[in-house]
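Below you'll find the structure, written out as structure tokens, and then a few comments.
Proteins get letters first, then strands, A, B, ... in listed order; numbering begins at 1 in each. Predicted model only: the values in this text are computed from it and were never measured.
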2 protein chains.
Amino acid sequence: MASDHTRTSILAAAERLYADRGFGDVTLRDIVAEANVNLAAVNYHFGSKDELIAELFVTRSIATNRERLRELKAAEEEGGGRAPIEVILHALVGPTLRGCLGPENQRSTAARFMIRASIESVPPIRRIKNREIDHLRKFAGAMRRALPDRSDVDIYWGLNFALAMAHHTIRESERLTKLSEGKCDLDDVEDVVARVVSVATMALTAPRTEAKAPARALARDAR
Amino acid sequence: MASDHTRTSILAAAERLYADRGFGDVTLRDIVAEANVNLAAVNYHFGSKDELIAELFVTRSIATNRERLRELKAAEEEGGGRAPIEVILHALVGPTLRGCLGPENQRSTAARFMIRASIESVPPIRRIKNREIDHLRKFAGAMRRALPDRSDVDIYWGLNFALAMAHHTIRESERLTKLSEGKCDLDDVEDVVARVVSVATMALTAPRTEAKAPARALARDAR
DNA sequence: GATGGTTTCATACAAGTGTTTGAAATGCAA
DNA sequence: TTGCATTTCAAACACTTGTATGAAACCATC
């Protein structure tokens, strides 16, 4: 294994293509063409296409989770074991949003690949993805410490909605721009992060009965 | 065209399979097997696989939009041209959530197909999907009338977040159940609708400066 | 410089895809 | 019934996919 040149070329090319075009549209032949290597190299170095995807996903998954946890840990230590809910949510959605939105040149292939992975859910990834639940539980724990009065159910719903807003905004950024005729500026990433964090915080801190009861009654009528 | 039996069988089978397994995993041979018709029937009746998908999507798209607009119109007429924001949001996310969540037996194939379509975004659908923007604009208009003080930007972000929470919850319902160890009850559809509407309403009605400024300052620091 | 394991390469393979074909079957009007 | 358009069917087609093969090239070690 003198130099991993071929191996790393394949990984880089595959990640770039998958991030750009999704798993469904990219073939091994596309990848080896992009990487300037021979077709058989993929099976030689990775065993199969699925194992290539899995390796890509595992690597990036670990890196992403580490970055999010780093932000979270830092915030919690600073606050003596308890970080404000805004900061926790910020650590959760910030890295991904930053990597996927913003001006073309500063987007990260890694983040965009991870979003594809979270959307298209191809078999090799689905098998691995269950581990991510443990990672989210760490955030749920931090949120519980920040909001000891909230029920577990509310915590999980808040977590779910925070990820929902972040991921959906990334996926549908183009449509939102078109719909708003450019008024929503998806290039101002920090504004987007602030909006998501703000709404998620409201969802988690608003008094339950006041805001929810009317909507619930409404739903009953419509049934 | 004595009886559309073959045609309708294909449409029904295709919708069911696509709703269950997604576009990527379903072949024409799967569809004709499910429909008990000959393979060539698809191309005979629809021209191509893409045109079959397109017809399916157009039909369902029209039906869904009509249902949402019916709820919206009714609410606006009742309120003399201006419906409460909760009711508008309810008309936007209610039908889809109801069709995709809840006990197995009462879910609708149509709604689940539409969610697949909105997620996987296969070429024939992507081409049609632009029209949906006009449909969303009608909701944006109603929301503007309900909240005349809000800026257009805030309206579009609120709309975006409402759809985000609804769609993401549908897509990741299984993971949310697992993450919360069953504490979040995805079968109680009206509770889910109420939660989404509630949070979206807060996002749209909360005073801007109060809730958003700290988060924005936070983001600046993290940069 | 010869040796032997590692890596590359062109090529082939088997399986699966959407589509086409031309004949057979069907249904309906004259 | 005859004639004709519509619809069904089995079979084949052309193409793409991931994977496998065996020879060639490479490269460190002796």
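In this structure, CG of A/Leu52 is placed 15 Å from C1' of D/dT17, rounded to the nearest angstrom. Nucleotide C/dT17 holds its P atom 17 Å from the CZ atom of B/Phe23, rounded to whole Å. If you take CG of A/Leu39 and P of C/dA12, they are 14 Å apart, rounded to a whole angstrom.
For the pair A/Arg21 (side chain) and A/Val26 (backbone), a donor-acceptor distance under 3.5 Å is absent. Panel note: side chain B/Thr96, backbone B/Val93; no donor-acceptor pair is recorded below 3.5 Å.
Distances shown here put every side-chain N or O of A/Asn43 at or beyond 4.0 Å from the OP1 or OP2 atom of D/dG18. One finds a side-chain N or O of A/His45 lying less than 4.0 angstrom from the OP1 or OP2 phosphate oxygen of C/dT8. At the phosphate of C/dT8, OP1 or OP2 sits under 4.0 Å from a side-chain N or O atom of A/Thr6. Not one side-chain nitrogen or oxygen of A/His5 sits closer than 4.0 Å to the OP1 or OP2 atom of C/dT8.
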Going through the distances and angles, do A/Ile10 and A/Ile31 end up as a side chain to side chain contact (heavy atoms under 4.5 Å, CB included)?
CA-CA 7 Å; A/Ile10 292 173; A/Ile31 294 172; 4.2 Å; yes

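Side-chain atoms of B/Arg29 lie closest to C/dG18 of the nucleotides D/dG18, C/dG18, D/dA10. Distances were taken from every side-chain heavy atom of A/Lys49 (C-beta onward) to each of D/dT8, D/dG18, D/dA10; the shortest belongs to D/dG18. Among the nucleotides C/dC9, D/dA10, D/dT17, the one closest to the side chain of A/Ala40 is C/dC9. In this structure, the nucleotide among C/dT6, D/dT19, C/dC9 sitting nearest to the side chain of A/Tyr44 is C/dT6.
Heavy-atom distances to DNA chain D give each of B/Val37 and A/Asp50 a nearest nucleotide, and the one nearer the 5′ end belongs to B/Val37.
Using modelled atom types, one finds no donor on one side chain facing an acceptor on the other under 3.5 Å when comparing A/Ser180 with B/Asp152.
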